[in-house]
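Quick notes on the structure that follows.
Remember, it's a predicted structure, so these values are computed and weren't measured experimentally.
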Amino acid sequence: MYSPEVKQRLRSQAEQIMSRYPAGHERSALLPMLHLVQSEDGYVSADGITLCAEMLGLSRPEVSAVATFYSQYKRHPNGTYNVGVCTNALCAVMGGDEIWEAVESHLGVGHDETTEDGQITLERLECNAACDYAPVVMVNWEFFDNQTPESTIELVDSLRAGRPVQPTRGPDQVPTFKEISHLLAGFEDGHVDEGPSAGEPSLRGLHAAREHGWECPTVASGGHSSQPAEEVGAEHSSADRPAVTEEDRKGTENGGEDK
């Protein structure tokens, strides 16, 4: 159970989150509020579920349903560092599977398991959205690009030893799981301008487009056009199209031909 001081602090910050949403839509604040309680406990605890439910006028099962749907919310204590190894298609063929096997063996834990010292929770991830740097490992959602089994083992050993670790892109030092949860709740940590963001592989297409004068074509309803694409809700936009009729359905079922 939260102490009165902790509960008051969390309620105050939760109210700040709720104030970002229009009146009557405060329940939309649930996602960042779950990150907030996770920043306190290191996972979404029963106390955190209760706090969110009370403040948003929801039932505890409603809050729990959301907390169990998204993988960034943990329902049991997480390690100080969440180490995610991407083993999706491209990362896998570039060495992600070998990285996973090496780190799993080195740490002695499997997917969603935590080392005995509580430092590392290992996670097998499906795409880190950084295919141009494959294979990629993420620590508390910060990128470590072009990894190898050896470099990843060195990475987790440094984290467990308490040595400062800098991601390939992002802040000067990897935050803890609680710190990154507080950031995801919407509270700035002062590190936004540290380190590089987009790297050269991500920008090659942009550089080539500028070099050749390429521009994205605009498409209007009904085909290609040199005019700007119409806004949603404008005449002839998708919002203005008539509803699908029974005759339309029959035509589709008959291969588009009238029978």
Do any N or O atoms from the side chain of [X] and from the backbone of [Y] form a donor-acceptor pair under 3.5 angstrom?
X      : Y      : answer
His111 : Glu123 : no
Asn146 : Tyr133 : yes
Thr114 : Thr121 : no
Glu26  : Ser19  : no
Glu179 : Thr176 : yes
Glu150 : Thr148 : no
Asp145 : Thr168 : no
Arg75  : Val44  : yes
Thr68  : Ser64  : yes
Lys178 : Pro175 : no

Does the side chain of [X] pick up a donor-acceptor pair with the side chain of [Y] at under 3.5 Å?
X      : Y      : answer
Tyr73  : Asn78  : no
Ser12  : Glu15  : no
His191 : Glu194 : yes
Asp117 : Thr115 : yes
Ser202 : Asp132 : yes

Please assess Ser59 against Glu62 for the test side chain to side chain donor-acceptor pair (under 3.5 Å), listing each intermediate value before the final yes or no. CA-CA 5 Å; Ser59 68; Glu62 285 177 314; 3.3 Å; yes
If Ile, Leu, Val, Met, Phe, Trp and Tyr residues are connected whenever their side-chain heavy atoms lie under 4.5 Å apart, and connections chain through other members, are Leu184 and Leu30 in the same group?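 No: no chain of side-chain contacts under 4.5 Å links Leu184 to Leu30.
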Grouping I, L, V, M, F, W and Y whenever their side-chain heavy atoms are under 4.5 Å apart, do Ile99 and Met138 come out in a common cluster?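 No; tracing contacts between hydrophobic side chains, which count when under 4.5 Å, never links both residues.
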Least distance between heavy atoms, Gln119 atom then Leu159 atom: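 Scanning both residues completely, I find the closest heavy atoms to be NE2-O, 3.5 Å.
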Give me the atom names and distance for the closest heavy-atom approach of Asn128 to Phe143.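 It is O-CE2, 3.3 Å.
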Check this for me: Glu113, atom CD, are more than 12 non-hydrogen atoms of other residues, nucleotides or ligands nearer than 6.0 Å?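 Buried by this count: over 12 neighbours within 6.0 Å.
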Axial cation check for Phe187 ring with Arg9, 6.0 Å and 45° limits: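 Not satisfied by the 6.0 Å and 45° rule.
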Would you mind telling me which of Val103, Val139, Asp157 makes a side chain to side chain contact (heavy atoms under 4.5 Å, CB included) with Thr152?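 Only match with Thr152 under side chain to side chain contact (heavy atoms under 4.5 Å, CB included): Val103.
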